[in-house]
Amino acid sequence: MEKNVQLKYRLYRRRNGVFYWQENDSKKQGTLRTSDRREAERLLNAMNESHREPTLNLNLARAYLAAHDPKMAQRTWQAVMDEMATHGIPTTQQRCARGFQSKAYDQMRNKPLVQTTGADLLAIIHTNGNCVAHYLRRLHNLAVDLGWLPWPVLAKRAWPKIRSRSKRAITAEEHEAVIASEKNPERRVYYEFLYESGAAQTDAANLTAEDIDWRNGVLVYRRKKLGPFSEPCRLTIGTKLRTLLNNLPHSGDLFPTLSEPQPTIIPENSVAVVVSLELPLLVCIHTGTLGRSVQRPVGISSVSHRKHWVTAVAPCTKHTQEVRL
């Protein structure tokens, strides 16, 4: 076949009867996966047209997509966020809905899925942290699985690897500083219980006296995140933990006022303390303005299940804005 210099691709057929394309400039070749000349010519014409008129090609693609799914050309990422917020157990749904309210997603929230490029996703990933990158990839995969994206925007290998920061457990000195600064007796015992048991914050706040098996020396409860039908958690009651439990109510909730936690404002010049039992853990830090405080998220250590209920605490001075260790 004579080479046509006006076209980017030309058509040829191999001995096996299959038609192939060849790029005229680079001589790069590829199969059209058909032995039918009419179909091969139609595919080649589409390739050449897409090269000569990229804008027209996009409009044609939208027209074909609209015939397949009328909403595909107009569906935005907000629709994917709303759909993901309906998946999982109620607490998972609430966490997703709360996470998608972040300003990090604003630049793609109202962007149509079919107009999204890999550069759009990478720009959000590179300017935000691991949490946004994790949820962004879940959104992308959900859109592909639902057929709302006709093809992946980023291949698996193109997604940047998530690298977590190192985390550590709270030290004995930091724990003692928190206990010394806490004036509420119930919260002080609660912090000591978390330090000794390594229980999750919400699980500990919801414990009742009926969860204690005094005869066998075991504390038995079910993890909230695992659901009501999961295997219960069993903790052996040691000497220190037994002393703490003996000072707690002998019926009903062990921590009555912590079942529905509310943020509190700590006094000036005190140590930063936990003010919310919901993850991520919040630390209240005095900003120097009377009657005001700020809350900062603090990660939970993944190194140990004991003595690790907070990973960042520091003296709260008059001008403290943020805790960094």
Side-chain angles (χ1 to χ4, degrees), residues 1-88 100 105 107-126 133-162:
M1 176 180 291
E2 183 180 356
K3 179 178 178 180
N4 188 340
V5 295
Q6 297 180 349
L7 299 179
K8 184 176 180 63
Y9 303 99
R10 74 177 185 89
L11 182 70
Y12 72 96
R13 181 167 58 182
R14 291 185 176 176
R15 293 181 179 179
N16 59 6
V18 178
F19 285 92
Y20 284 73
W21 58 265
Q22 176 174 303
E23 188 175 354
N24 291 325
D25 295 332
S26 65
K27 306 302 181 181
K28 184 178 179 180
Q29 299 174 343
T31 178
L32 294 174
R33 301 181 184 278
T34 181
S35 300
D36 187 290
R37 174 174 288 274
R38 183 176 298 179
E39 181 180 358
E41 290 177 347
R42 188 174 71 250
L43 293 173
L44 188 73
N45 289 335
M47 294 175 63
N48 285 319
E49 287 294 331
S50 65
H51 174 67
R52 290 192 301 177
E53 300 289 345
T55 303
L56 176 62
N57 180 64
L58 180 59
N59 292 331
L60 289 174
R62 291 175 183 170
Y64 281 112
L65 291 174
H68 170 68
D69 181 358
K71 296 182 179 180
M72 180 170 285
Q74 291 80 30
R75 188 177 286 115
T76 64
W77 285 100
Q78 183 61 55
V80 188
M81 297 178 191
D82 296 339
E83 177 63 26
M84 180 174 286
T86 65
H87 294 195
F100 292 141
Y105 303 99
Q107 55 184 303
M108 63 173 291
R109 192 181 304 277
N110 298 318
K111 190 178 187 66
L113 273 67
V114 295
Q115 297 182 21
T116 306
T117 64
D120 296 331
L121 300 183
L122 291 175
I124 298 176
I125 294 173
H126 292 157
H134 169 72
Y135 275 101
L136 192 61
R137 186 166 187 175
R138 290 180 58 187
L139 283 173
H140 172 270
N141 293 343
L142 178 62
V144 173
D145 293 342
L146 293 174
W148 292 356
L149 269 178
W151 51 78
V153 178
L154 278 180
K156 291 183 178 180
R157 295 181 180 180
W159 287 91
K161 186 177 180 180
I162 295 179

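- The side-chain hydrogen bond (donor to acceptor under 3.5 Å, both in side chains) test applied to Thr76 returns no partner, not counting sequence neighbours.
- Contacts of Glu39 classified as salt bridge (Lys or Arg N to Asp or Glu O under 4.0 Å), with partners at least two apart in sequence or in another chain: none.
- Of all the heavy atoms in Val144 and Pro152, the pair that sits closest is CG2-CA, 4.1 Å.
- Qualifying side-chain contact (heavy atoms from CB on, under 4.5 Å) partners for Arg14, counting only residues two or more places apart in sequence or in other chains: Tyr12, Asn16, Tyr20, Gln29.
- Pairs engaging residues 144-155 under the salt bridge (Lys or Arg N to Asp or Glu O under 4.0 Å) rule: none recorded [sequence neighbours left out].
- Under the side-chain hydrogen bond (donor to acceptor under 3.5 Å, both in side chains) criterion, Gln107 pairs with no residue, sequence neighbours left out.
- Checked by atom type and distance alone, the side chain of Asp25 never pairs as donor or acceptor with a backbone atom of Lys8 at under 3.5 Å.
- Closest non-hydrogen pair, Leu43 versus Leu32, comes out as CD1-O, 3.8 Å.
- The side-chain hydrogen bond (donor to acceptor under 3.5 Å, both in side chains) search around Asn141 returns none, not counting sequence neighbours.
- In this structure, NE2 in His134 is found 10.0 Å from CG in Leu139, a value given to the nearest 0.5 Å.
- Evaluation of the ring pair (Phe, Tyr, Trp, His ring centres under 6.0 Å) rule for Phe100 yields Tyr105, Tyr135 as partners, not counting sequence neighbours.
- Separation of atoms CE (Met108) and CD (Gln115) is listed at 13.0 Å; rounding is to 0.5 Å.
- By the side-chain hydrogen bond (donor to acceptor under 3.5 Å, both in side chains) test, Ser26 pairs with Glu23, sequence neighbours left out.
- The two residues Ala40 and Leu11 have their closest heavy-atom pair at CB-CD1, 4.1 Å.
- Atoms CG and CD, on Leu44 and Gln22 in that order, are 11.0 Å from each other to the nearest 0.5 Å.
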Which atom pairs, donor and acceptor, lie under 3.5 Å between side-chain atoms of residues 77-84 and protein residues at least two apart or in another chain?
unit_1, atom_1, unit_2, atom_2, d
Trp77, NE1, Thr116, OG1, 2.8
Gln78, OE1, Arg109, NH1, 3.1
Gln78, NE2, Asp82, OD1, 2.9
Glu83, OE2, His87, NE2, 2.9

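- Counting only residues at least two apart or on different chains, no salt bridge (Lys or Arg N to Asp or Glu O under 4.0 Å) pair has a member in residues 146-159.
- Of all the heavy atoms in Phe19 and Asp36, the pair that sits closest is CE1-C, 3.9 Å.
- Among all heavy-atom pairs drawn from Pro160 and His126, the shortest one is CG-NE2, 4.1 Å.
- Applying the side-chain contact (heavy atoms from CB on, under 4.5 Å) rule to Thr117 yields the partners Ala119, Asp120; only residues at least two apart in sequence or on another chain are considered.
- When every heavy atom of Ile125 is checked against every heavy atom of Ala133, the shortest pair comes out as CG2-CB, 4.1 Å.
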